[in-house]
Participant: 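Below is the structure I would like to discuss, written out as structure tokens.
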Amino acid sequence: MKIDTIAAISTAMTDSGIGIIRISGDDAISIAHSVFVNKKNKKCLDSYPSHTIHYGFIIEEDGTVVDEVMVSVMKSPNSYTTEDTVEINCHGGIFMMQKIMEIVLHAGARAALPGEFTKRAFLNGRIDLSKAEAVMDIINAKNEFALKTSIKQLKGSVYEIVNKLREEILYEIAFIESALDDPEHISLDGYPQKLYDKNEEILKRLEKLLASADDGKMLKEGIQTVIVGKPNAGKSSLLNVMLGEEKAIVTEIAGTTRDILEETITLGGFSLHITDTAGIRNTEDIVEKIGVEKAKQAIVDADFIIYIVDSSIPLDDDDINIMKMIKDKKIMILLNKSDLENYVTEEDIEHFWCSAISSNPDTGSVSFSQNGRVIRTSIKEKEGIDVFIDTIKEMFFYGELTYNDEVYITNMRHKEAIRESYESILQVQESIRNHMPEDFYTIDLLSACAALGRVIGKEVGEDLVNEIFLKFCMGK
Amino acid sequence: MIEGMREKVDVCVVGAGHAGCEAALACARLGMETIIFTVSIDSIAMMPCNPNVGGTSKGHLVREIDALGGEMGKNIDRTFIQSKMLNKSKGPAVHSLRAQADKSEYSRAMRKVLENQEHLSIKQAEVCELLVDDTLEKENGSGCKKIIGVKTFTGTIYECKAVILCTGTYLKARCLCGESITYTGPSGLQAANHLSESLKKLGIAIQRFKTGTPARMDKRTIDFTKMEEQFGDERVIPFSFSTDPEDVQIDQVSCWLTYTNEKTHDIIRQNLDRSPIYAGIIEGTGPRYCPSIEDKVVKFSDKDRHQVFIEPEGLHTNEMYVGGMSSSLPEDVQLAMYRTVPGLEHCKIVRNAYAIEYDCIDARQLYPTLEFKSIKGLFSGGQFNGSSGYEEAAAQGLIAGINASLTILGKEPVILDRSQAYIGVLVDDLVTKENFEPYRMMTSRAEYRLLLRQDNADLRLREIGYQIGLVSRELYENILHKKNLIKNEVMRLKNTTIGASKKHQDFLSAHNSSLLKTAATLAELICRPELSYEILSEIDTDRVSLPEDVIEQVEIEIKYEGYIERQMRQVEQFKKTEKKLIPSDLDYDDVKSLRLEARQKLKSYRPVSVGQASRIAGVSPADISVLLVYLEQWKKS
């Protein structure tokens, strides 16, 4: 029986010099063989003896060279997993590793689940029994983490699009299945053509999704950064300055940004995924209240908080509320509007901070400087912005700010899943063109549905049966 | 207390519905001294609801029961009055046979089989108590109880090695027709009111399900000219693989189709407050696949009409079944609503529609052998396990009967998996998943349905039936022969090439098929949608004459080869985890890295294999990985 072949990037997702992509399983060698050429542009990896390393290039399907690499071949049982294993040593850099990983997946490997190499090594007797506990811990801990990451980092709009596509496909499956189960009540006359047209439309939407995955637009990459503050403190102006364009609406009226704006900016080697939130204040306005709730949620998911204070107005209870919300996070406070008369000092911040956190007896009194830094700016006059940016960079390079590199793997998994659903729908079209009976459509529609479900963490299972009963009237 | 009578048998079967009959016959045929109890001898194999056997996916079950050596297929072949292959225009996987039964003949014929079965006796008595030996359990705390007998209402004790509970809808049954409530079983028969208590005392968790049936009409009061006549198939295909097809070419009766309308729906809407379900008197959820007409009108209010099938209940009765209009509305509303339907304007109701509530179990208390995890020798099948339908019941009865016997004989039990049979899907779903309503088989529940066709049930299961001892050597050898014929013919078609000669091109253009550019095999031509094995006979001159059922298999194998191969690969994957068994004494608390929810579910339902564990809601793939690692460690140390 065949052991399916898994692949993973086994070095850190940073812009380091070298990256390694590891492939393991029965098809490891043939998969690597199909994407690797030697310097004479020949595919010959399958002829290499075990435990040898070779110079050559990774190529795309059409033969385009992607990277110059060293490839090592380790044949079963003499490898970490005891399965056939190939390691591709490529040039580091997130982009290159991702690209090669994608090519490998496209050639037939499956993205390894967290801890899967170790699991295989253990199950194949390569790791001794005393380590079993550790192996089990790793598997569940890593999976929980990956699962949380993959859903948390999916952009809200992408979630909606995938979810809707999946639901529409599920509806078609349920319709076909109802008709098959209850042919005397539900007819499929003329349905194949209808489904064909529907699928064409679905294919277009999937293409768009694939394109956005290519541009890395599906996920919130980088450090999850949230801008908070009271209304009219200058949150949207800050985002605009950082983006260099007017995206958020900025007016003089307090409470203008009532929803959440998201943007990604790159700061030489790393990126911030910035969420601009509605101003937080005690309010009766229902729409504004919803914005405040969303802001609170964004704070929970954040790696880094930029808290903007309007220094031309004294601090008040709303500031204490904000401080309470963000007290467990990495924080930077901007004392904005330094061009106006100044009512807020660093001491005021320290003072309010202490009263904000000491109202919670668990935390004890911790100086604000241990959590974050304070910088004076005038966003309007573009003063202090350079210091602000440099400070963020400094925090990143000194390791004060980190982010979750699982996101790149997630992006690849998602992309592979969407491609799979795309190809399954194409298969349905083929079946319709070949006049296959309708029950054959659901085989591939189900695969498409399951693949999309993987992106948003939903399984088909009882969903289908529920959908059948919910949407269609069956019955004797 | 006066000591009652005592008798000794091997197996006691409680209930003589479709599950009980198969269970008892299987046991007796495997040499077990068997006794079958029923509250009424006249209700053996009774059909209290629809007058048919089979239908989508249920037809598959009947074929599988037959292939394994069960009785249902043979019995419906003896007593059907109309037969139809459903879904004929669709793929072979969803073709389904359905036959209208002569209800009383069906019941009578099955009773005759039971009465003449060696090692089997029938007893009219209500079983009130299960007798168990719990010394083992009490001594070491971890062993389980063991069944030793049953006690009837009259106090007689039947000592036995196994009990199979097939109580259908009889346990604490309650029938509702509007405001009128009776504490009876189906069709006004006596309910079984005592056994539930005994089961509860033994620690078996009981739940309450509900189902319903429509009214029966007097044929003389129906105007059939206002309805569409529904005929049976011209050429009838028997259910049983051992019935001679020529024996089932009988004169068939018709069914009739009519529709509800806005008037019907108005009456229902105006009287919803008098429906026990909508008034909240019935609390259990009704089965969603056969909703009452009230449900249809409320949930699908956009539909301006619903189909109504008028089906004869038999040849020697005027009763007609009103399919599609089951209801628990009061009698006066029923009559008013039925009379709005074209053709039923002057109808007289012979039996009212009613809803019925009954005690049953959450089948997750069972192993896939249908034996209780907590009581050795106690098996169960049918509606008692939370299913619905005659065919689902019969299938479980058969499996429970087989496994009770094999256990007594000290042999390995039989568990069909999801890739082998619809029966496997049915049992696995029942013992693994949480059910909130009576479970009905559906083709969409079978993930490998392309392989689990009704046409190949014999090829899939005859051999297993033979190994169990329910299928004769002769029938088994027939199957081996059939398999050979199929294999050889497929090979011949794949290896016979025909060239682009004028004769062949003319043939192709005559059938609107594209012309050959290079030579092609006969198999490749069969794959074309516009061609078939039969059509090719014109140019396939070397062909030898083969039986119809062999040709059918050959054609399916060739036409759908790509899809079939894909499913076979999926099955390979599926079997991997299915084969990894979990020791029954595994301590899940010792598997530290399992998530809490998964640990609780695994602890309470104790799946037999890693595959079954993976299908339990709340157990994630990561938990399965953890479990695999743990099992490996456990095995080695």
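As the structure is a computational prediction, the values presented were derived from the model and not from experiment. Here is how names work: the chains are called A, B, and so on, in the same order as the sequence lines, proteins then strands, and each is numbered from 1.
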Participant: Go through the side-chain N and O atoms of T442(A) and R449(B) and say whether any donor and acceptor fall under 3.5 Å apart.
Facilitator: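 Indeed, the side chains of T442(A) and R449(B) share at least one donor-acceptor pair under 3.5 Å.
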Participant: CD/E438(A) to CG/N87(B) distance, rounded to the nearest 0.5 angstrom?
Facilitator: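 Answer for the CD-CG pair, E438(A) versus N87(B), is 9.0 Å.
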Participant: Nearest heavy-atom pair of Y563(B) and I443(A): which atoms, and what distance?
Facilitator: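 Closest approach of Y563(B) to I443(A), heavy atoms only: CD2-CD1, 3.8 Å.
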Participant: Checking side-chain contact (heavy atoms from CB on, under 4.5 Å) for the pair K90(B)/L188(A): CA distance, chi angles, key distance, verdict?
Facilitator: CA-CA 10 Å; K90(B) 289 153 196 145; L188(A) 288 176; 3.7 Å; yes
Participant: Sequence neighbours excluded, which residues qualify as side chain to side chain donor-acceptor pair (under 3.5 Å) partners of Q427(A)?
Facilitator: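 Q427(A) satisfies side chain to side chain donor-acceptor pair (under 3.5 Å) with no other residue.
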Participant: What part of K592(B) gets closer than 4.5 Å to chain A, counting heavy atoms only: side chain, backbone, both or neither?
Facilitator: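 For K592(B), side-chain heavy atoms alone lie under 4.5 Å from chain A.
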Participant: Could you please spell out the steps behind the side-chain contact (heavy atoms from CB on, under 4.5 Å) verdict for F440(A) and L450(B)?
Facilitator: CA-CA 9 Å; F440(A) 286 84; L450(B) 205 46; 3.7 Å; yes
Participant: Shortest non-hydrogen contact from V94(B) to L180(A)?
Facilitator: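 Scanning both residues completely, I find the closest heavy atoms to be CG2-CD2, 3.8 Å.
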Participant: Within a reach of under 6.0 Å around NZ of K194(A), are more than 12 heavy atoms found that belong to other residues, nucleotides or ligands?
Facilitator: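 Open.
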Participant: Side chain from CB out, backbone as N, CA, C, O: work out which of these in I173(A) comes under 4.5 Å of a heavy atom of chain B, or both, or neither.
Facilitator: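 Neither part; nothing is under 4.5 Å.
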Participant: Using the rule given for side-chain contact (heavy atoms from CB on, under 4.5 Å), can you reason through E184(A) versus L86(B), listing the C-alpha separation, both sets of side-chain angles and the distance that settles it, and then say yes or no?
Facilitator: CA-CA 9 Å; E184(A) 286 169 319; L86(B) 301 175; 4.2 Å; yes
Participant: Please state whether the side chain, the backbone, both or neither of V591(B) comes within less than 4.5 Å of a heavy atom of chain A.
Facilitator: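 Interface part for V591(B): side chain.
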Participant: Considering all heavy atoms of both residues, which atom of P437(A) and which atom of G91(B) are nearest to each other, and what is their separation?
Facilitator: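 Residues P437(A) and G91(B), closest heavy atoms: CB-N, 3.0 Å.
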Participant: Based on non-hydrogen pairs under 4.5 Å, which of S89(B), S620(B), P621(B), S593(B) is most in contact with chain A?
Facilitator: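 Of the options given, most contacts go to S593(B).
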Participant: Return yes when atom CZ of R433(A) has more than 12 non-hydrogen atoms of other residues, nucleotides or ligands closer than 6.0 Å, and no otherwise.
Facilitator: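 For R433(A), atom CZ is crowded (more than 12 foreign heavy atoms under 6.0 Å).
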Participant: Can you tell me which portion of K84(B) sits under 4.5 Å from chain A's heavy atoms? Options are side chain, backbone, both or neither.
Facilitator: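 Only the side chain of K84(B) comes within 4.5 Å of chain A.
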Participant: Given that the side chain runs from C-beta out, which part of D623(B) has a heavy atom under 4.5 Å from chain A: side chain, backbone, both or neither?
Facilitator: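 Both backbone and side chain.
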Participant: Measure distances from N434(A) to the heavy atoms of chain B and classify the residue's part below 4.5 Å as side chain, backbone, both or neither.
Facilitator: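 For N434(A), the contact with chain B is made by the backbone alone.
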Participant: I'd like to know whether R566(B) forms a side-chain contact (heavy atoms from CB on, under 4.5 Å) with D444(A), so could you lay out the CA-CA distance, the side-chain angles of the two residues, the decisive distance to 0.1 Å, and finally the verdict.
Facilitator: CA-CA 11 Å; R566(B) 261 167 69 192; D444(A) 294 301; 2.4 Å; yes
Participant: Show your working on salt bridge (Lys or Arg N to Asp or Glu O under 4.0 Å) between D4(A) and K576(B) and close with a plain yes or no.
Facilitator: CA-CA 12 Å; D4(A) 66 337; K576(B) 268 194 216 170; 5.4 Å; no
Participant: Y560(B) versus chain A, heavy atoms under 4.5 Å apart: side chain, backbone, both or neither?
Facilitator: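 Contact with chain A involves the side chain of Y560(B) alone.
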Participant: Mind checking what makes side-chain contact (heavy atoms from CB on, under 4.5 Å) contact with V297(B), not counting sequence neighbours?
Facilitator: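 Per chain and number, V297(B) pairs via side-chain contact (heavy atoms from CB on, under 4.5 Å) with H265(B), I268(B), R269(B), I293(B).
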Participant: Closer than 4.0 angstrom, basic N to acidic O: yes or no for R445(B) and D181(A)?
Facilitator: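 Judged by the 4.0 Å cut-off on N to carboxylate O distance, R445(B) and D181(A) do not form a salt bridge.
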Participant: To the closest 0.5 Å, what do you measure between NE2 (H185(A)) and NZ (K303(B))?
Facilitator: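 These two atoms lie 7.0 Å from each other.
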